[in-house]
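Dropping a structure here in structure tokens format, bear with me for questions.
Naming: A, B, ... by sequence-line order, numbering from 1 per chain.
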Amino acid sequence: MKAASVELTQVRKQYGARMVFNNLSLKISAGSFTSIVGSSGGGKSTLLRILAGVSRPDSGQVVRSEGARIGFVFQEPQLLPWRTVLQNASLPGELLRESETTDRARAALNLVGLGDALGLYPRQLSGGMKMRVSLARALALKPSLLVLDEPFAALDELTRFRLEEELHAVWEREKMTIVLVTHSFTEAVFLSNEVLFLSSTGQGLVDSLETPLGEKRTRALWSEPRFSALVTTCRDKFEKMEASGAR
Amino acid sequence: MRAKLPPLLLFTAIVAAWQGICWAGWVSPFLMPSPDEVLQVLWQDHEELAYAALLTGVGSVGGFLLSVISGIGLALALSGSDWAYRAVYPYAVLFQTVPIIAVAPLLVIWLGYGLPTVIASAFLASVFPVIMASLTGIASASPELRDLFRLYRASRRDTLLKLILPMALPSLLTGLRFAAGLAVIGTIVGEFVGGGGLGNVIDIARTLQRVDKVFAAVFLASLLGALAIALIDMVSRWSLKAWEP
């Protein structure tokens, strides 16, 4: 599946009297890995939902590549407790009434290292394994656009490191477009090509940071000065955005 | 077995104490029969009591099924429309406060003597917990999962059968457990006024001052309620196996 691009033009979204963002424009290029950082309650999840098409903006335009297939990974794994690992990963294809759903779910589960856990139920899995199933469920459709809403926030550090590396390896191999919402600057810098800064005061995307660290990324990158420098720049840009929002 | 021992021991102790009090003559047999007298009535009138229990069982099952179908149906309809939910919910709560014993005579006027009144009474007594449990259960599917189903263009039928109803099951079964017991109570009340079943046996035995027979019928009615709850528990254990921690 070819990677998809998405373009938002002058998008406005409001909940009651609260303006989430006004006049937000954004272009996500095909095959890119973009991270979005911002304060809690700043509209990051709303932006992801609009990008994925599960929520409509009040005004403005959203244009996705034709036939874009979208995978969505939430902060919590959101598995169905009465379904096995394989049945959970097969769900999207089953709902879309596609063929070879089970085979593709099995392949996606192999990709995230759960090939031996197909018959287990969510209650029998650790937090990290549940998140892997959630990722496999999104990957089973061979998405051209994968959106992830703080998927590793609730995991312990070691599991998070592993899953970040796996996610990057999946992106390298499958070359889909990925948009990730995260609170972690190191995660944003480590995974993406570009970090976008979403203001919590309705001003939309106020800054960006390119992360030219090469395609292949492993944990060894963490000890390199250029990585630390980018993380510091990312934090500085975030603090600057927060300070200007507070004024 | 170890879990069942404490209630069994308590039951045996209560029955033994009750028998002892009756043998000692501390309570008049016209007010309180001894357990062995109740057993005698159960044995002597077993045909009449078994038939009455069967009628009560039929009334309870009928009322319970009606509650399940209409309770879940109403909850699904209400959950689909915020306006309808807000319009109907206060009346659903108010409906619970109407004492079934006060409504039962009206049911006889409207539906006549016999099974329809009994089933209607069982239905009125048991429908509220089904509605409430269904509403709670339906709301338990997270917004994220609803988004996921929307993202993959799930049909209304798929959303209902593959998300909403299975997700509602734990809450729904808790409601059905309450409803099963209440359906038996509603049936007995209905039988007081509509005739037939254990309710009628209790009513007639009461007018004849046959306290032993009243106790026997009450015992059977309780047994029916316990059986209904045990059945629901069995279904719960089986259907919620995957949920177990």
Most chain B-contacting option - heavy-atom pairs closer than 4.5 Å, from A:Arg83, A:Arg97, A:Gln75
A:Arg97

Is it the side chain or the backbone of B:Ser155 that comes within 4.5 Å of chain A heavy atoms, both, or neither?
side chain

Given a strict heavy-atom distance threshold of 4.5 Å, which part of A:Phe72 is in contact with chain B: side chain, backbone, both, or neither?
both

Could you pull out the closest heavy-atom pair between B:Tyr152 and A:Ala138, with the gap in Å?
OH-CA, 4.4 Å

Looking at A:Tyr15, I want to see if its OH is surrounded by more than 12 non-hydrogen atoms of other residues, nucleotides or ligands under 6.0 Å.
yes

Contact residues of residues 140-150 of chain B (partner chain A; heavy-atom separation under 4.5 angstrom)
B:Ser142, B:Glu144, B:Leu145, B:Asp147, B:Leu148, B:Phe149, B:Arg150

Heavy-atom pair with the smallest gap, counting every atom of A:Ala52 and B:Leu151
O-CD1, 3.5 Å

Counting only heavy atoms closer than 4.5 Å, note whether B:Leu169 contacts chain A via side chain, backbone, both or neither.
neither

Region of A:Leu80 that comes under 4.5 Å of a non-hydrogen atom in chain B:
side chain

Are any of the side-chain heavy atoms of B:Lys241 and A:Trp82 separated by less than 4.5 Å?
no

Is it the case that more than 12 heavy atoms not belonging to B:Arg156 sit under 6.0 Å from its CZ atom?
no

If you count every heavy atom of other residues, nucleotides or ligands that lies below 6.0 Å from B:Phe178 atom CZ, does the total exceed 12?
no

